[in-house]
Amino acid sequence: MTTTPYVPDTAEAILDRARELVPFLRENSARIEDGRRLPEDIVELLRGAGVFRAAMPKTWGGPELTSMQQAELLEILSAGDVSVGWCAMIGMDSGIYSGYLDDEVARGMWPTLAESDTGPALPVLRAFLLSYVDSALADPLRGGCMVTHGVLERLPGDEKAAQRLGGALGSLEEAFAYLLLRARAAGELAPGTDVRSTARFLVTLTQGLRVMERTAGRDYLAQVVDQALQGLSCTA
């Protein structure tokens, strides 16, 4: 009989486990520096300590640490090794961004609470866009473009509508910018790609997908997504 290892799921438990890791991280600091990356065993220790799930929303069953608790967690880990603290910050950002997205879209990007932001970013971006498409097509009324156009028709005279739309599109832009920064750091983007303007292009693309969902099928929309991402790739 096998048992599933316990993963801390409260702020107190995650912080306590992080403190326990500090001596080990100090002992392995030279190994981290020499390899210029976090070794897999240390990544797994962080995952097992609940670090990557620390900011996941409570609605998903996550601990949803407050900003102060997240800062404390990073301070503790950085006392063991500053690179671990930095990578932990990047890895647990998933929970922050997931809370700003539609639940179905976010679940497509982060199927488990313990996902860390590692590996190629462009495939994650593609999955994000396709889950956006699938979510829209699953609506029997396919009313996405009607909603978008309805809100836009109220601008600029409706200040509340402007604020809500700006907030929603701004959050989407930040999520895209974050993934694009990861892609640039991993060498996936074409040289000279501007992250901010590209994130805004992708926001505009999602609104175009909302309009086209009224008449186009998934294959059509998937081809549009792939063509847009192909232009961003360093292999294009």
Side-chain angles (χ1 to χ4, degrees), residues 55 57 89-110 115 117-137 139 142-216 218 220-236:
M89 179 272 294
I90 295 173
M92 68 190 222
D93 274 353
S94 301
I96 300 173
Y97 291 106
S98 68
Y100 287 95
L101 303 174
D102 289 340
D103 188 71
E104 188 172 352
V105 174
R107 287 287 194 176
M109 295 178 66
W110 296 290
E115 293 292 323
D117 293 343
T118 59
L122 287 184
V124 176
L125 184 55
R126 181 178 187 273
F128 177 97
L129 290 168
L130 291 181
S131 65
Y132 190 90
V133 168
D134 290 337
S135 177
L137 294 179
D139 177 4
R142 297 196 181 182
C145 69
M146 296 175 62
V147 173
T148 301
H149 288 166
V151 174
L152 291 175
E153 286 296 324
R154 300 177 67 89
L155 304 181
D158 191 324
E159 183 177 347
K160 182 176 290 187
Q163 289 176 346
R164 297 189 68 175
L165 180 63
L169 297 183
S171 296
L172 189 59
E173 180 183 322
E174 291 306 317
F176 283 139
Y178 175 66
L179 289 171
L180 289 166
L181 283 170
R182 280 182 52 199
R184 186 171 69 181
E188 298 175 73
L189 294 184
T193 301
D194 181 80
V195 166
R196 182 55 58 181
S197 61
T198 302
R200 291 170 179 167
F201 161 74
L202 292 173
V203 170
T204 306
L205 173 66
T206 62
Q207 301 314 296
L209 293 173
R210 281 295 196 188
V211 174
M212 292 303 296
E213 77 190 30
R214 296 282 290 181
T215 58
R218 189 183 191 279
Y220 181 103
L221 298 175
Q223 289 176 11
V224 171
V225 168
D226 287 338
Q227 185 62 40
L229 295 183
Q230 183 179 351
L232 302 179
S233 173
C234 64
T235 60

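Residues take their numbers from the sequence shown, with the count starting at 1.
Between V133 and V224, the closest side-chain pair of non-hydrogen atoms is not below 4.5 Å. Using a 4.5 Å heavy-atom threshold, the side chains of S233 and L122 count as touching.
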### Query
Does the pair F176 and T206 meet the rule for a side chain to side chain contact (heavy atoms under 4.5 Å, CB included), with working shown?
CA-CA 11 Å; F176 283 139; T206 62; 3.7 Å; yes
### Query
Which is it for R184 and T193 under the side chain to side chain contact (heavy atoms under 4.5 Å, CB included) test, yes or no, and what are the steps along the way?
CA-CA 8 Å; R184 186 171 69 181; T193 301; over 6 Å; no
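To the nearest 0.5 angstrom, E188 atom CD is 10.0 Å from L180 atom CG. Note that CD of Q207 is 11.5 Å distant from CG of L202, once rounded to the nearest 0.5 Å.
A search for salt bridge (Lys or Arg N to Asp or Glu O under 4.0 Å) contacts involving R196 returns E173, E174, not counting sequence neighbours. D194 is linked by a salt bridge (Lys or Arg N to Asp or Glu O under 4.0 Å) to nothing, counting only residues two or more places apart in sequence or in another chain.
A side chain to side chain contact (heavy atoms under 4.5 Å, CB included) with L221 is found for exactly one of L129, L130, L209, namely L209.
Across every non-hydrogen atom of A177 and A199, the tightest pair is N-CB, 3.8 Å.
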